[in-house]
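Just below is one structure, and these are the notes that go with it.
When a ligand or atom number is given, it counts from 1 through the structure's own listing order.
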Amino acid sequence: MTKILKPYSRLPYSHALNFKELSLLALALLISDSVLTTMSVSESLSPCISDIETVIPTTPLVSFFERLQETALNTFGETNFDPKLYVDLSLKFDLPTTEDAFVKLPKSANGSLSAEDLKGFIEKYFESAGNDMVYCEPVDFVPEPEGFLPKVKNPEVRAWALEVHALWKNLSRKVSDQVQKRPELHSVLPLPEPVMIPGSRFREIYYWDSYWVIRGLLASKMYETAKGIVTNLIYFIEEYGYVLNGGRAYYTNRSQPPLLSAMIYEIYNKTGDMQLVKKSLPALLKEYCFWNSDIHKVIIQDSQSCNHTLNRYYAMWNKPRPEATTKDKKFASKISNVSEKQQFYRELASAAESGWDFSSRWMRNPSDFTTLATTTILPVDLNTFILKMELDIAFFAKVTGDNSTATSFIEASQSRLNAIKSVFWNEEVGQWLDYWLNDSTCKGCQTWEACNQKQSVFASNFIPLWVESFYSDTSLVDKVMKSFQGSGLLCAYGIATSLMNSGEQWDFPNGWAPLQHMIVEGLARSGSKEARSVAEDIAMRWIRTNYVAYKKTGKMHEKYNVEKCGEFGGGGKYVPQTGFGWSNGVVLAFLEEFGWPQDQMIDC
Ligand SMILES: OC[C@H]1O[C@H](O[C@H]2O[C@H](CO)[C@@H](O)[C@H](O)[C@H]2O)[C@H](O)[C@@H](O)[C@@H]1O
């Protein structure tokens, strides 16, 4: 049965207050030695989520925008229609006045509006999408930072890298003062610091994108901007109990791949900023609690009767995603049963929480989109990110002198390491495979069965390599690298997301910057010479295609076609976007790590 959260009365949009309260209880337990001596960290978190609610209510503004979106589709038609545009508008007048004018618009006998009337209404009553996030010059931007990419010797590549670096100015925004004054007129959420947006239709901050944005900002020596982004994400945790998918009211029902601790780790490594670590730690503990809530947590018993706790994506939502209501309703139209429809909507939103929206990875039958089953899967990458979070929290606790939290989180990371080995690792193929649950209700514990490991090749099967616990094991790296090289994923211009051309954007032949980066970084850091040279080779393929596409189109793209040099990616449910935060970040991070020799051509 669906549980509905009560709206947070202080604010115009709803918050997961119950979740916050429960998180605080968990934190109290976390810092209590007596509890930690008898329980593991994740067991001690259980009380905080025993009554977790599973649907976050929407706001009247977002509901109205959804109605407008549906009317716009019926009036303007499908050509070039982007549903997100309508939930990103801002009201010029209050909601009752706007709704009143909307219902009074003249309609024909069949109830339709004229395109001219609707256009006129939108112009009169709304600010354009994006006006709520205003351009702001990053405080630490200089055209050529001192010590910028010292290993890039080739003048052509250097000139391009400086252009990519300059793109931070295009992507830098702050929430407009209008939003701070009248938040009820806007879907964008107030934030304390400037942000970097991914670009184009993505006009707000995104959670996991920010990790690669920050990696690029660190290469650009823009430490203050990087810290500001982290401050915003911490603010989300303080306000909602977790980091939202993105900075809009319609993203409050889910998170995204949890990489906040990894962002702080990288910033601390470059700047040694202990204040940042101290201020982050309580927020990270809360976030850890969120990801270990009952909805996200599953217990698997292995063949030796040993219990392992692992996590899944699970959005707190069972309706169409507001930014894509018209599309989601269409996808769901062939499902007549109400609870099956709700479940499908939850699977859609959970796939969005995974960052892989959408992919054959989450489908029982890749040719039938309604077979999405995200919540029935324990994903390798999510659990790798949570392992990294545990290691980072242990590290931050240690450097700030909180030894008991450090010890608890080291123990938690060891349990997860065992869980990842027992549940995901497949010795025969030399990869970590997603684990499919027998059902998604997750009542009690489920028994591990070999046949539940998904025998398909996805780039995520290699993501554990990104974490030191795995990349420091040389014989493991060697085995996984051989498996990777024979997997078919490595293409002429980067790593494909999967081997299946499903038409979804997180599938073949698309390559995504974050996936290139995590696999390359794991191989490069492993200490094996061979692995480093494989990493460098992949990075160079990726840099080449980004460069050629940039020269052809004048833009950086959100994804690329790894089979064709200089071609951006396609497929999926929206048109390919440019800008683009994480692609810029990864190019700069790769060039910082590997450089580019003077006499090496970059064209292909
Ligand atoms: O509008 C549809 C979906 O758009 C986002 O997902 C995609 O863009 C994000 C920003 O670059 C990226 O983080 C994500 O991996 C992409 O698939 C959004 O995050 C989704 O929630 C949204 O439904």
Practice problem: Could you tell me if any non-hydrogen atom of R321 lies under 4.0 Å from any atom of ligand 1? | Solution: yes

Quiz item: Nearest non-hydrogen atom to atom 22 (C) of ligand 1 belongs to which of K327, E323, E558, K559?
Solution: E323

Quiz prompt | Heavy-atom nearest neighbour of atom 7 (C) of ligand 1 within options W582, Y207, Y574 | solution = Y574

Close aromatic pair by centroid cut-off 6.0 Å: [X] and [Y]:
{"X": "F102", "Y": "F64", "value": "yes"}
{"X": "H296", "Y": "Y313", "value": "no"}
{"X": "F568", "Y": "Y550", "value": "no"}

Quiz item: Among all protein non-hydrogen atoms, which one is nearest to atom 15 (O) of ligand 1, and what is the separation to 0.1 Å?
Solution: G355 O, 2.6 Å

Quiz item: In the protein, what heavy atom is nearest to atom 5 (C) of ligand 1, and what distance, to one decimal place, separates them?
Solution: F202 CE2, 3.6 Å

Practice problem: Show which atoms of ligand 1 fall inside a sub-4.0 Å distance from at least one heavy-atom site of N245. | Solution: 18 (C), 19 (O), 20 (C), 21 (O)

Quiz item: side-chain hydrogen bond (donor to acceptor under 3.5 Å, both in side chains) with N253: which residues, sequence neighbours excluded?
Solution: none

Quiz item: Knowing that exactly one of D88, T59, T58, T325 qualifies, which makes a side chain to side chain donor-acceptor pair (under 3.5 Å) with Y250?
Solution: D88

Quiz item: Does ligand 1 have a heavy atom under 4.0 Å from the side chain of W356, from its backbone, from both, or from neither?
Solution: neither

